Amino acid sequence: MSIYLDKNSKVIVQGITGAEGSYHTGRMLAYGTNVVGGVTPGKGGQKTEHGLPVFNTVKEAMDATGATHQCIFVPPPAAADALFEAYEAGIRFSVCITEGVPVHDVLKVVGATPGMRIIGPNCPGLISPGKSSIGIMPGHVFKEGNVGLISRSGTLTYEVVDLLTRAGFGQSTAVGIGGDPIIGTTFVDCLREFKNDPQTEAIVLCGEIGGSDEEDAAAYIKEHMPDMPIVAFIGGRNAPPGKSLGHAGAIISGKFGTPESKINAFKSAGVPVADRPSQIPGLLAQRMPARV
Amino acid sequence: MNLMEYQGKELFRRAGIPVPRSQHVTTADEAASFVGGNPGNWVVKAQVLMGGRGKAGKIKFAKNAEEARTVAAEIMATPMPPNRQNPKGEPINSLLVEETLSVSKEAYAAIAIDRTTKKPVLMVSAFGGMDIEEVAEKHPESIAKAFVETAAGFWPHIGRELAFKANLDPGYRKALPGILAGLYELFFRYGAKLVEINPLVLTEDGRVIAADSKVELDDDALYKNPEFKQWQTALPLDEDETLATKAGLGIRNFRRFDGNVGTMANGAGLAMGTMDAVKNAGGSFANFLDVGGGANAERVRNCYELVMNHTDAKVFFINIFGGITRCDEVAKGIVEALNTTKSRKVPLVIRLTGTNEEQGRRILADAGMTPVETMDDGAAEAVKLAGV
């Protein structure tokens, strides 16, 4: 198994003929993702450089390909529109890579698309190693295995995955949930899925300062999955209050979003918190044997 | 983007929220001539983004033109004093001359975005005029909240319920739904992340008036309201943001600190992780810097110079994880940047791993540089080289 994404997932790319969309479609295909086509209004009927069909609308793409998943590489002002178009066409799984989407646009989308799973925006996507990848994660650092990974960051995730893979811990699915204040899928959403996934036997959770997603995750773990081996890490422990560092959502406002609050929440849920990424494999090994 | 009080009140006025009669001025003479032509009791308030104006003596009263001139000159004579978040203080370039209110009660009203429910949250409290975080800590039960379904929007009953739940003085009851409706309208119309009235004053003669404003607009939505570009020029970016923009980085990608280990990483998470690693190794970081994707020579040089010219860095720790970014390209960028820079030279510590790592290491080795193996090793080496 794995969560959200497997070999059978049929993926369309919105913005497939743009520079980013085209480049990463090539990478997804190389990884083995079943990309079945893309959408660029006005270019319907053409083929991409990868030989994939281009459609004018998501509806046309759905009808022709039976797509189940989509990946969005459109500019920020067009992102919410792309999400709504996909929703109305019947897509129920959408990954929005775009950074800089107005937060009110995201509010409107998440409030009016019940039943659609949205990953992001401002995220690197997700990958079920050995099966499929949607987004921009570098497939070669991942290895199929039984550790689920959830992270708000991109490169820090690759760092952690690299450490895990080298230590003999492969991954079931890794989800980059994104660095914005409002995101479609939270830690808790992913935990709920991992809980029911037979392939996932342990979880690594990479949080960062800002918001209360980590505290919510800790509360969920305490109540619903106390026996699952889980290790957490909090990035940005030394960030100053009141200033976003890189991610719009990585901001400490007053007493909210501080690393102390998150670390305490995890500790009270029995989840060890690594002081640095290099400690994660060791903490995981204490709770489960490594095997790939 | 944060708005100043007078700009926020301009938005309040547009949304039909009552605000005191006022005049925005930029000199003491203008303040004096306005008060001279409009007899009454006036208050002169510095227009700055920092909080704590009252304590800093930047809000003063005036009954006539001469007093207005004197207090305006006093307020503008010195900048806002520094605090922890604004170590350089803030210059005072303009003032709001405003009708003095006869205050009976002070309440609090705001709309923010709740990250957990992913909905706008309305907050009302009878404890106005205080720092809301202090209220949240000392009297959490006093803050009444309502989460709004975006599809349904705001309806007056939400305001009525909040007035009762927050135990507001009955004098507020009639006006509050209309004021919250106005706040909600401008919150959506302008894509705000926060709109706050603190205090929301009930006057002796029964009027409900927004005595102060705090509005934070979403930078990502500014393109929808081009008129604010004009306001933005009135609101300088802070120094770090200005430097970042000049170096071709996003405004959130660079931030300076007091330490002596300069840092650069690709990706915000890794850049924060790099700072944490320096701290874990017993050192102090001079900056946060996310170089972003595509770290070519020009980008690397700009970042190197940014850190060398504007921080006390004694060593430069480059931490790259090549995912999409290719290590050989970054290595070329580093070598070329250092060969062409005119900035001061400090020891470099380079950690380079991921895609095309071998080629990257070879390029660095040919240029006489030896990368370290891990982020922790790099941080330890950098801290050692930087000394105390």
Side-chain angles (χ1 to χ4, degrees), chain A residues 24 27 76-77 100-108 110-112 124 136-138 140-141 151-159 162 179 181-184 186 206 208-213 216 235-250 253-256 275-278, chain B residues 84-86 113 115-116 118-120 131-133 136-137 149-151 187-188 191-193 218-224 238 240 250-253 255 257 265-273 275-280 285 288 290 292-293 320-325 353-355 374-376 379:
Chain A
H24 289 292
R27 291 181 59 100
V101 183
V103 64
H104 280 255
D105 287 4
V106 184
L107 274 184
K108 284 177 195 159
V110 299
I136 62 172
M137 294 211 199
H140 61 87
V141 301
S151 174
R152 280 168 68 180
S153 157
T155 41
L156 186 68
T157 312
Y158 316 150
E159 176 86 36
D162 193 46
I182 303 290
I183 46 177
T186 60
C206 292
E208 66 188 24
I209 52 160
S212 60
D213 265 16
D216 295 343
R237 285 199 198 187
N238 296 292
K243 305 281 183 194
S244 298
L245 295 186
H247 291 156
S253 20
K255 297 193 162 37
F256 301 103
D275 286 330
R276 56 193 83 188
S278 57
Chain B
R84 200 160 62 95
Q85 280 187 39
N86 299 275
I113 294 172
R115 291 169 68 149
T116 302
K118 302 175 195 174
K119 287 174 188 168
D131 180 23
I132 193 63
E133 278 169 10
E137 195 181 343
E149 294 294 340
T150 47
F187 178 75
F188 263 106
K193 291 163 97 171
D218 179 6
D219 293 327
D220 291 330
L222 287 179
Y223 73 91
K224 294 184 183 182
D238 75 24
D240 292 350
I251 56 167
R252 284 191 288 263
N253 288 36
R255 182 93 13 220
F257 299 97
N266 61 329
L270 192 61
M272 282 190 266
M275 287 163 47
D276 294 340
V278 169
K279 195 74 193 282
N280 281 334
F285 45 84
F288 164 87
D290 169 12
I320 301 291
F321 193 98
I324 306 309
T325 310
T353 193
T355 312
T374 69
M375 175 153 101
D376 292 349

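Keep in mind that what you see is a predicted model, and the values were worked out from it rather than measured.
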Quick one: of [options], who has the most non-hydrogen atom pairs under 4.5 Å with chain A?
options: B:Ala271, B:Gly269, B:Gly322, B:Gly354; answer: B:Gly269
options: B:Arg255, B:Lys193, B:Glu137, B:Met375; answer: B:Arg255
options: B:Ala136, B:Pro120, B:Ala221; answer: B:Ala221
options: B:Lys119, B:Lys279, B:Glu149; answer: B:Lys279
options: B:Thr150, B:Asp218, B:Asn253, B:Asp131; answer: B:Asp218

side-chain hydrogen bond (donor to acceptor under 3.5 Å, both in side chains) filter on A:Thr186, not counting sequence neighbours, yields A:Asp189

Quick check on the interface: out of [options], who has the most heavy-atom pairs with chain B under 4.5 Å?
options: A:Cys206, A:Pro277, A:Ala239, A:Gly236; answer: A:Gly236
options: A:Ile209, A:Val106, A:Ile183; answer: A:Ile183
options: A:Glu208, A:His140, A:Lys108, A:Arg152; answer: A:His140

Classify the angle between the aromatic ring planes of B:Phe188 and A:His104 as parallel (below 30°), tilted (30 to 60°) or perpendicular (above 60°). perpendicular

Tell me, side chain or backbone of [X] under 4.5 Å from chain B's heavy atoms, or both, or neither?
X: A:Pro124; answer: neither
X: A:Val103; answer: both
X: A:Val101; answer: backbone
X: A:Asn238; answer: both

Test of understanding: with ring pair (Phe, Tyr, Trp, His ring centres under 6.0 Å), list the residues that count as partners of B:Phe285, not counting sequence neighbours. B:Phe257

[X] side-chain N/O to [Y] backbone N/O, donor-acceptor pair under 3.5 Å:
X: B:Asp276; Y: A:Arg237; value: yes
X: A:Thr155; Y: B:Asn266; value: yes
X: B:Lys118; Y: A:Ile182; value: no

Under 4.5 Å to a heavy atom of chain A? For B:Tyr223 that would be side chain

Cut-off 4.5 Å, heavy atoms of chain A, and the answer for B:Thr353 is side chain

State, to 0.1 Å, how close A:Pro102 and B:Lys224 come at their nearest heavy-atom pair, and which atoms those are. CG-CE, 4.2 Å

Taking all non-hydrogen atoms of both residues into account, name the closest pair between B:Thr116 and A:Ser212 and its distance. OG1-OG, 3.1 Å

